[in-house]
Amino acid sequence: MKTKIILSTILSATLAMVSCGHQTSNGPENCGNAGTSGSAVAYITSSDGSRLFERADIPFVNTVEPSQSSILVNIDASVSYQEIDGFGAALTGASCYNLLKMSKENRTALLKEIFSLEEGLGMSLVRVSIGASDFSVDDEFTWCDEEGLEHFAVHQEDRDYLFPILKEVYEINPGLKIIASPWSAPIWMKRRSTSDNSPYPSWTSGSLAPEYYQTYAEYFVKWIKTMEKEGFDIYAMTIQNEPLNHGNSMSMYMTWEEQSEFISSALGPAFEKAGINTKILVFDHNYNYDNVASQKNYPLNIYNNPEASKYVAGSAWHNYGGFVNTLSGIHTYAPEKEIYFTEASIGTWNYDFSKCLINDFKSIFIQTMQNYSKGVTLWNLMLDENRGPFRPGGCSTCFGVVTLNSANATVQSRQSHYYNLAHASKVIKPGAKRIKTSGYVPSGVNYLAFSNPDGSIALIFVNEGNEPKQLVLKEGSHIIHTAIPASSIESIIW
């Protein structure tokens with residue numbers, strides 16, 4: 001009887017939600033960012049697609065009944081953890097090219113839907129490539145493909161595609177943060193390997209020749225300063241995308257020993273001399289270090305070099321191998337260093353909306369932030385229905401967060417990663433801090449709580465189970481009853 005009373009009370013409160021949002025051809029209908037003084041706001045996406053970022057209001061209640069104590073979640077904003085920078089996706093050459101195919105009206109509407117803090121989802125973090133990536137439009141390139149930094153100049157592809165989109169996004173969200181990553185140094189700076197210093201005239205693999213450490217550091221200085229002159233502040237950069245990857249259309253192998261020496265002897269001092277405040281992030285690769293035994297604990301080995309570590313803000317991570325709990329070891333050893341999750345993909349090899357929606361929200365969002373990640377960027381923001389454009393040797397099977405129908409230059413679909421990003425960015429604002437929760441954790445449910453700079457409280461949930469899970473949430477005088485639907489993700493803010 002006691003159980004029936006509890007369920008009846010909570011389900012009654014849940015049924016009292018007033019839905020005011022639904023999926024439209026232009027994305028989820030906006031219903032505002034906050035509830036009334038007497039309610040919280042919930043957003044729900046179900047794995048079967050029947051609810052896509054559907055909004056509902058949840059009324060506050062006055063007390064927690066004794067019979068509800070077993071399903072109570074206490075939220076304590078007085079205990080905080082890492083600050084959150086935000087969430088977003090990569091603005092690759094391909095993404096920008098596709099966006100520019102759209103009419104100005106449709107593109108502006110989509111970018112506002114994604115990046116506006118007031119009218120949209122409020123995504124605030126993007127990743128760009130320093131030079132080309134495997135999702136560039138025409139050829140592989142850097143900003144200095146002819147030997148000698150006197151030839152350094154903005155590449156035309158970035159001028160044509162990246163810059164216009166970044167300018168539009170900045171107009172919508174001036175607080176945008178950019179994380180930049182190179183896929184390769186200019187070819188004339190590369191050698192065959194650490195044991196073979198002969199020139200390596202290929203975009204794929206090879207390594208950075210030590211005699212070019214100072215030149216490459218100056219290349220980064222020039223790139224960041226040029227971007228700043230164009231109006232784009234570079235918040236952080238990684239030294240090399242996937243430094244343990246010999247493949248891809250563009251790549252450069254870079255051991256932790258090389259990265260440590262490059263930072264300590266060249267990049268760090270060059271940034272210091274130039275007055276550059278861009279954060280330096282190391283690694284930018286998989287949890288399992290691509291199973292290269294000598295490269296295990298890659299970031300920690302760099303942190304152990306005090307001459308490199310003093311210039312390094314933290315590390316960046318991908319999830320194409322290994323397990324997310326690797327991050328907890330990194331934080332335990334170096335709690336002062338920051339952690340970012342910078343790349344994950346969906347595509348023909350793994351895509352199932354239901355599974356990806358649930359599994360990725362749990363592992364890429366909740367679990368990375370549980371392990372002290374400050375933000376998430378996914379890969380790519382927009383690709384077309386043919387998964388392109390992409391470079392030969394790059395990923396030909398990847399999906400974008402949003403898919404463009406190239407025939408009529410309109411949005412064809414929003415993938416699971418769109419809804420993952422929506423649920424995080426809509427309620428967790430830039431500058432939020434993860435805060436303490438205690439109490440009931442239902443089987444199959446994971447959740448985190450955050451305190452936003454404006455004082456609002458946000459929670460994100462994933463329910464992997466086949467039944468709804470009832471909870472009572474309490475923070476100070478605020479108490480709400482909610483039922484997290486079966487096989488769904490949910491966000492709540494008040």
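Just so you know, residue 1 is the first one in the sequence shown, and it goes up from there. Computed from heavy atoms alone, side chains included, the values below leave out hydrogens, waters and symmetry copies.
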Would you say Y333 and N304 are linked by a side-chain donor-acceptor pair, where the criterion is simply a distance under 3.5 Å? yes

Looking only at side chains, do D284 and T342 share a donor and an acceptor under 3.5 Å apart? yes

If we ignore angles and hydrogens, is there a donor and acceptor under 3.5 Å between the side chains of T410 and N405? no

Measuring only between side-chain heavy atoms, which start at C-beta, is V312 closer than 4.5 Å to Y303? yes

Mind checking the CD1-CD1 spacing from I460 to I366? Nearest 0.5 Å is all I need. 4.5 Å

Between F461 and F361, does a ring-ring contact (aromatic ring centres under 6.0 Å, His included) hold up when you go through it step by step? CA-CA 9 Å; F461 302 85; F361 199 62; 9.7 Å; no

If you count the non-hydrogen atoms of other residues, nucleotides and ligands that lie under 6.0 Å from NZ in K374, is the total more than 12? yes

Any side-chain donor paired with an acceptor under 3.5 Å for H318 and E242? yes

Looking at Y81, I'd like to know if the NZ or CZ of R434 sits under 6.0 Å from its six-membered ring centre while staying within 45 degrees of the ring's axis. yes

Evaluation steps, side chain to side chain contact (heavy atoms under 4.5 Å, CB included), between I489 and F365: CA-CA 11 Å; I489 63 176; F365 290 82; over 6 Å; no

Atom CZ in F341, atom CG in N371: separation rounded to 0.5 Å? 12.0 Å

To the nearest 0.5 Å, what is the distance between CG on N98 and CZ on F135? 10.5 Å

Tell me whether K296 forms a cation-pi arrangement with Y289, defined as NZ or CZ under 6.0 Å from the six-membered ring centre and within 45 degrees of its axis. no

Within a 6.0 Å radius of atom CZ on F390, are there more than 12 heavy atoms belonging to other residues, nucleotides or ligands? yes

Could you verify whether a donor N or O on one side chain and an acceptor N or O on the other, from T255 and Q295, lie under 3.5 Å apart? no

Is there a donor-acceptor pair under 3.5 Å between the side chain of S136 and the backbone N or O of D138? no

Neighbour count above 12 (heavy atom, 6.0 Å) for F323 CZ: no

Begin from the C-alpha positions of R127 and E343 and carry the test salt bridge (charged side-chain N to carboxylate O under 4.0 Å, His left out) through to its verdict. CA-CA 9 Å; R127 188 174 181 228; E343 186 180 317; 2.8 Å; yes

With a 4.5 Å cut-off on side-chain heavy atoms, are L404 and K101 touching? yes

Are more than 12 heavy atoms, taken from residues, nucleotides or ligands other than E146, located less than 6.0 Å from that residue's CD atom? no

Are M123 and L421 close enough that some pair of their side-chain heavy atoms sits under 4.5 Å apart? yes

Does a side-chain heavy-atom distance below 4.5 Å link Q370 with Q367? yes

Check the pair F232 / Y170 against side chain to side chain contact (heavy atoms under 4.5 Å, CB included), numbers first and verdict last. CA-CA 8 Å; F232 315 127; Y170 264 105; 3.5 Å; yes

Is it true that R391 and E140 make a salt bridge, defined as a side-chain N closer than 4.0 Å to a carboxylate O? yes

Heavy atoms, side chains only, cut-off 4.5 Å: are C395 and W349 in contact? yes

One thing to verify: whether E258 and R191 come together as a salt bridge, which I'm taking to mean a side-chain N less than 4.0 angstrom from a carboxylate O. yes

Derivation and outcome, ring-ring contact (aromatic ring centres under 6.0 Å, His included), residues F53 and Y419: CA-CA 7 Å; F53 206 63; Y419 296 100; 7.3 Å; no

As an exercise, state the distance from CE of M227 to CD1 of I130, rounded to the nearest 0.5 Å. 8.5 Å

Any luck finding a side-chain donor-acceptor pair between H246 and T204 under 3.5 Å? no

Over 12 foreign heavy atoms within 6.0 Å of CG, D454: yes

Check the pair I493 / I457 against side chain to side chain contact (heavy atoms under 4.5 Å, CB included), numbers first and verdict last. CA-CA 6 Å; I493 186 170; I457 300 296; over 6 Å; no

Are the side chains of I114 and S425 in touch, meaning some heavy atoms are under 4.5 Å apart? no

Less than 4.0 angstrom from a charged side-chain N to a carboxylate O is my criterion; do R414 and E113 meet it? yes

Considering all heavy atoms, the nearest S95-L381 contact: OG-N, 3.3 Å

Is it true that E230 and R159 make a salt bridge, defined as a side-chain N closer than 4.0 Å to a carboxylate O? yes

Test log, rule ring-ring contact (aromatic ring centres under 6.0 Å, His included), inputs Y351 and F399: CA-CA 9 Å; Y351 193 65; F399 295 155; 5.3 Å; yes

If I take atom CG from residue D85 and atom CD from residue E338, how far apart are they, to the nearest 0.5 angstrom? 7.0 Å

Return the CG to CG distance between L166 and L176, rounded to the nearest 0.5 Å. 7.0 Å

Would you check, one step at a time, whether the test ring-ring contact (aromatic ring centres under 6.0 Å, His included) holds for W143 with F152? CA-CA 6 Å; W143 282 16; F152 180 94; 5.8 Å; yes

Which pair of heavy atoms, one from S315 and one from L281, lies closest together, and at what distance? N-CD2, 4.2 Å

Heavy-atom side-chain proximity of P186 to Y216 below 4.5 angstrom: yes

Just by distance, with hydrogens left out, do S456 and K429 show a side-chain donor and acceptor under 3.5 Å apart? no

Can you see whether D196 engages S193 through a side-chain donor-acceptor pair at a distance of less than 3.5 angstrom? no

Is there side-chain contact between Q240 and F283, with at least one heavy-atom pair below 4.5 Å? no

